[in-house]
Engineer: 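I have a structure I would like to understand better, so I am pasting it below and will then ask my questions one at a time.
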Amino acid sequence: MKQIEQHASFGGSQEVWQHASSTLGVDMNFAVYLPPQAKQGPCPVLYWLSGLTCNEQNFITKAGAQAYAAKHGVILIAPDSSPRGEGVADDEAYDLGQGAGFYLNATREPWAKHYRMYDYITQELPALVDAHFPTTTARGISGHSMGGHGALVIALRNPGMFRSVSAFSPIVAPSQVPWGEKAFSAYLGDDREAWKQWDATALVAKAGERLPLLVDQGDADNFLDEQLRPHLLQQACEVAGHPLTLRMQPGYDHSYYFIASFIGEHIAHHAKAMKG
C-alpha cells in the first residue's frame with residue numbers, strides 16, 4: 001500500500017492508493033474518500049464502479065460526490081475499471097481490454113491471466129479496505145454504464161454482502177447488446193449460457209435476496225436504445241417480483257453531468273440503507 005495522492009475535501013480526505021494485486025497480477029490504483037466522521041470512528045463504505053475507458057480518477061474529479069459523502073458520513077471507494085500495464089492483454093478498441101474489464105472473471109486467453117475484476121472487487125479490494133481504513137461492516141455498491149452492470153451483477157451474485165445497490169445508465173443485459181456480446185465473446189467464449197451468470201436480467205430470476213435496485217437513466221442518452229435497454233431489466237424484475245425503481249430522467253445524457261446531478265440522491269439512498 002502506497003499513498004500517491006491526498007487532498008483535503010469537505011472536511012475529509014480524498015486519497016489515491018496503489019498496491020500490488022495478487023488477484024490481477026499488476027499494481028492497481030484505487031481512490032478513497034474519507035469523510036470527516038472517519039476521524040471519530042468507523043463509517044459505512046460505498047463502492048463505485050466506473051465505466052468504459054475510466055480509471056480511478058473519473059469519479060473523484062467529475063461526480064462531485066465528496067460533499068454528499070461528507071454530509072452522510074460515508075467512505076467512498078473507486079477502483080480502476082481493469083488491470084493495466086505492460087504484459088496485460090489489450091485491444092485497440094475502447095470497449096475491450098484495458099479500461100474495459102466488465103467486472104467479470106475471464107476464462108479465455110490471453111485475458112484469463114489478468115482480467116479477474118470480479119474476484120478483485122468482491123474479495124481482494126474489500127479485504128484491503130477493511131484492513132487499512134475505519135470501516136463498518138455495512139457496504140453499498142453503485143456504478144455507471146459498464147460499472148452499473150458490474151454493480152448490479154455483483155450485488156445480485158453476493159446476497160448479504162451489500163445493504164444497497166444502485167446504478168446510472170447500466171448495461172443491464174450485456175448478453176443482448178453489442179458492447180456485452182463483444183466483451184463476453186472475447187473474455188468468456190461463445191457459450192451464451194455461461195454469459196448469463198454475468199447478466200443482471202438473467203440473475204434477478206434466481207436472486208438469493210430481494211435487494212431493491214435503484215436505476216437512473218437519462219432519456220437523451222445516445223446509447224439508450226442500442227446498448228443499455230433498461231426496459232429489459234424492468235421486464236425481468238416484473239416477472240421475478242424483484243423490487244426495482246427505474247427513473248427515466250428527461251433530457252439527461254450518458255455523461256458525468258448526469259451523474260453529478262443525481263449522485264447526492266444516490267448517496268443518501270445508500271446511507272439510509274447502510275445505517276438503517
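Index from 1, following the sequence.
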Engineer: Go through the side-chain N and O atoms of E124 and S21 and say whether any donor and acceptor fall under 3.5 Å apart.
Structural biologist: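 Yes - a donor-acceptor pair under 3.5 Å links their side chains.
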Engineer: Can the ring centres of Y33 and H72 be said to be less than 6.0 Å apart?
Structural biologist: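 Ring-ring flag for Y33/H72: false, centres at least 6.0 Å apart.
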Engineer: Side chains of H270 and S166 only: does a donor on one sit below 3.5 Å from an acceptor on the other?
Structural biologist: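 Side-chain D/A pair, H270 to S166: present.
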Engineer: Looking at side-chain heavy atoms only, is the closest gap between K2 and D27 below 4.5 Å?
Structural biologist: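 Contact flag for K2/D27 side chains = no.
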Engineer: Determine the sole option in L152, L156, V239, L244 for which the side chain to side chain contact (heavy atoms under 4.5 Å, CB included) test with V204 is passed.
Structural biologist: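 Checked L152, L156, V239, L244 against V204; only one passes side chain to side chain contact (heavy atoms under 4.5 Å, CB included): L156.
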Engineer: Nearest 0.5 Å, please: how far is CD in E5 from OG in S13?
Structural biologist: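 S13 atom OG to E5 atom CD measures 10.5 Å (nearest 0.5 Å).
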Engineer: Would you say the side-chain atoms of Q3 pair up with the backbone N or O of V16, donor to acceptor, closer than 3.5 Å?
Structural biologist: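 Checked: no pair found.
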Engineer: Drop me the distance from L213's CG to S164's OG, to the nearest 0.5 angstrom.
Structural biologist: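 So the CG of L213 and the OG of S164 are separated by 11.0 Å.
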Engineer: Spell out, as yes or no, whether a donor-acceptor pair under 3.5 Å connects the side chain of Q227 to the backbone of I171.
Structural biologist: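 Side chain of Q227 to backbone of I171, a donor-acceptor pair under 3.5 Å: no, none is there.
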Engineer: Give me the atom names and distance for the closest heavy-atom approach of C54 to S50.
Structural biologist: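 Heavy atoms of C54 and S50 come nearest at CB-CB, 3.6 Å.
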Engineer: Working to the nearest 0.5 angstrom, can you tell me the gap between M248 CE and D221 CG?
Structural biologist: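 Those atoms lie 8.5 Å apart.
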Engineer: Mind checking whether P170 and V215 have side chains closer than 4.5 Å, heavy atoms only?
Structural biologist: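 P170 vs V215: side chains touch.
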Engineer: For S145 and H254: C-alpha separation, side-chain torsions, deciding distance, then whether side-chain hydrogen bond (donor to acceptor under 3.5 Å, both in side chains) applies.
Structural biologist: CA-CA 8 Å; S145 195; H254 200 70; 2.9 Å; yes
Engineer: Look at the rings of H19 and F30 and say which category their plane angle falls in: under 30° parallel, 30 to 60° tilted, over 60° perpendicular.
Structural biologist: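 Taking F30 first and then H19, their aromatic rings stand perpendicular (interplane angle over 60°).
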Engineer: Mark yes or no for whether K113, through its side chain, and A89, through its backbone, hold a donor-acceptor pair below 3.5 Å.
Structural biologist: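 It does not hold such a pair.
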Engineer: Where do G218 and L224 come nearest, in terms of heavy atoms and distance?
Structural biologist: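 In terms of heavy atoms, the two residues are closest at O-CD2, 4.2 Å.
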Engineer: To check you understand the geometry: which heavy-atom pair defines the closest contact between G73 and P44, and what is its length?
Structural biologist: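 So the two residues come closest at O-CD, 3.5 Å.
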Engineer: Minimum heavy-atom separation for G101 to M117, with atom names?
Structural biologist: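 Shortest heavy-atom separation between G101 and M117 comes out as CA-CG, 4.4 Å.
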Engineer: Is the NZ atom of K71 crowded by more than 12 outside heavy atoms at less than 6.0 Å?
Structural biologist: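 Open: at most 12 neighbouring heavy atoms sit under 6.0 Å from NZ of K71.
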Engineer: I'd like to know if the side chain of E209 and the backbone of G160 have a donor-acceptor N/O pair within less than 3.5 Å.
Structural biologist: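 Side chain of E209 to backbone of G160, a donor-acceptor pair under 3.5 Å: yes, one is there.
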Engineer: Stepwise, does the side-chain contact (heavy atoms from CB on, under 4.5 Å) test hold for V177 with E226?
Structural biologist: CA-CA 7 Å; V177 301; E226 183 180 20; over 6 Å; no
Engineer: Would you check if there is a donor-acceptor pair between the side chains of N158 and Y118 at a distance under 3.5 Å?
Structural biologist: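 Checked: Y118/N158 side chains pair up, N/O donor to acceptor below 3.5 Å.
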Engineer: Starting from Y256, can I reach I77 by hopping between I/L/V/M/F/W/Y residues whose side chains sit under 4.5 Å apart?
Structural biologist: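 No, because I77 and Y256 fall into different hydrophobic clusters, even though each may have its own neighbours under 4.5 Å.
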Engineer: For Y187, which of Y115, Y103, W198 qualifies under ring-ring contact (aromatic ring centres under 6.0 Å, His included)?
Structural biologist: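 One option only clears the test, and that one is Y115.
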Engineer: Verify the neighbour count for atom OH of Y68: are there more than 12 heavy atoms of other residues, nucleotides or ligands below 6.0 Å?
Structural biologist: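 Incorrect, the count does not exceed 12.
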Engineer: Got more than 12 heavy atoms from elsewhere within 6.0 Å of NZ, K275?
Structural biologist: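 Yes, the 6.0 Å shell around NZ holds more than 12 heavy atoms from other groups.
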Engineer: Can you list the steps and then say if R163 with T137 is a side-chain contact (heavy atoms from CB on, under 4.5 Å)?
Structural biologist: CA-CA 10 Å; R163 296 193 186 177; T137 58; 4.0 Å; yes
Engineer: Would you say P126 and M161 make side-chain contact, with heavy atoms under 4.5 Å?
Structural biologist: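 P126 vs M161: side chains touch.
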Engineer: Keeping the roles fixed (side chain from W195, backbone from D190), state whether a donor-acceptor pair exists under 3.5 Å.
Structural biologist: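 No; zero donor-acceptor contacts below 3.5 Å.
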Engineer: Find out whether L96 and W111 are in side-chain contact, i.e. whether some heavy atom of one side chain is under 4.5 Å from a heavy atom of the other.
Structural biologist: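 Sidechains of W111 and L96: in contact.
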Engineer: Under the ring-ring contact (aromatic ring centres under 6.0 Å, His included) definition, can you give me all pairs with a residue in residues 36-58, not counting sequence neighbours?
Structural biologist: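 Listed once each, the pairs are W48-F59, W48-F168.
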Engineer: Under a single-linkage definition using a 4.5 Å side-chain heavy-atom cutoff for Ile, Leu, Val, Met, Phe, Trp and Tyr, are L46 and I154 assigned to the same hydrophobic cluster?
Structural biologist: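 They do not share one cluster, since no chain of ILVMFWY contacts under 4.5 Å joins L46 to I154.
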Engineer: If I compare all heavy atoms of A200 with all of V153, which pair ends up nearest, and what's the gap?
Structural biologist: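 Reported closest heavy-atom pair: N-CG2, 3.8 Å.
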Engineer: Nearest 0.5 Å please: distance from the NZ atom of K62 over to the CD1 atom of I263.
Structural biologist: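 Between K62 NZ and I263 CD1, I get 14.5 Å after rounding to 0.5 Å.
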Engineer: Take D199 and R192 through the salt bridge (Lys or Arg N to Asp or Glu O under 4.0 Å) test and state the conclusion after the steps.
Structural biologist: CA-CA 11 Å; D199 188 312; R192 286 180 171 262; over 6 Å; no
Engineer: Side-chain heavy atoms nearer than 4.5 Å, only ILVMFWY residues, links allowed to pass through others: does that put L52 and V172 together?
Structural biologist: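 The answer is yes; both residues are in one hydrophobic cluster.
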Engineer: Would you find a donor on one side and an acceptor on the other, under 3.5 Å apart, between the side chain of D219 and the backbone of G251?
Structural biologist: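 At least one qualifying donor-acceptor pair exists.
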Engineer: Is F102 reachable from V165 through a run of hydrophobic residues whose side-chain heavy atoms are each under 4.5 Å from the next?
Structural biologist: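 In one cluster with V165: F102, yes.
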Engineer: Give the cluster check for L233 versus F223: same hydrophobic cluster or not, with ILVMFWY residues linked at side-chain heavy-atom distances below 4.5 Å.
Structural biologist: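 Same cluster: L233 reaches F223 through Ile, Leu, Val, Met, Phe, Trp or Tyr contacts under 4.5 Å.
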Engineer: Donor-acceptor pair, distance only, cut-off 3.5 Å: does the side chain of H149 make one with the backbone of G51?
Structural biologist: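 Not a single qualifying donor-acceptor pair exists.
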Engineer: Counting only heavy atoms not in Y257 (residues, nucleotides, ligands), do more than 12 fall under 6.0 Å from its OH?
Structural biologist: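 For Y257, atom OH is not crowded (no more than 12 foreign heavy atoms under 6.0 Å).
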Engineer: Applying side-chain contact (heavy atoms from CB on, under 4.5 Å) to I259 and H266, what does each step give before you reach the verdict?
Structural biologist: CA-CA 10 Å; I259 296 169; H266 280 242; over 6 Å; no
Engineer: Quick one: closest heavy-atom pair of M146 and S81, and the distance?
Structural biologist: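 Of all heavy-atom pairs spanning M146 and S81, the closest is CE-CB, 3.8 Å.
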Engineer: What do the steps show when you test N55 against R84 for side-chain contact (heavy atoms from CB on, under 4.5 Å), and what is the final call?
Structural biologist: CA-CA 10 Å; N55 58 27; R84 300 179 193 266; 3.7 Å; yes
Engineer: With rounding to the nearest 0.5 Å, note down the distance linking CD in Q98 to CG in D91.
Structural biologist: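 Q98 CD to D91 CG: 10.5 Å, rounded to 0.5 Å.
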Engineer: Indicate whether the side chain of D119 and that of T23 have a donor and an acceptor atom separated by less than 3.5 Å.
Structural biologist: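 The answer is no; no qualifying pair exists.
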Engineer: Is the shortest side-chain heavy-atom distance between Q66 and I60 below 4.5 Å?
Structural biologist: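 A side-chain contact exists here, since the closest heavy-atom pair is under 4.5 Å.
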Engineer: Rounded to the nearest 0.5 Å, what separates atom CZ in R247 from atom CD in Q217?
Structural biologist: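 CD of Q217 is found 12.5 Å from CZ of R247.
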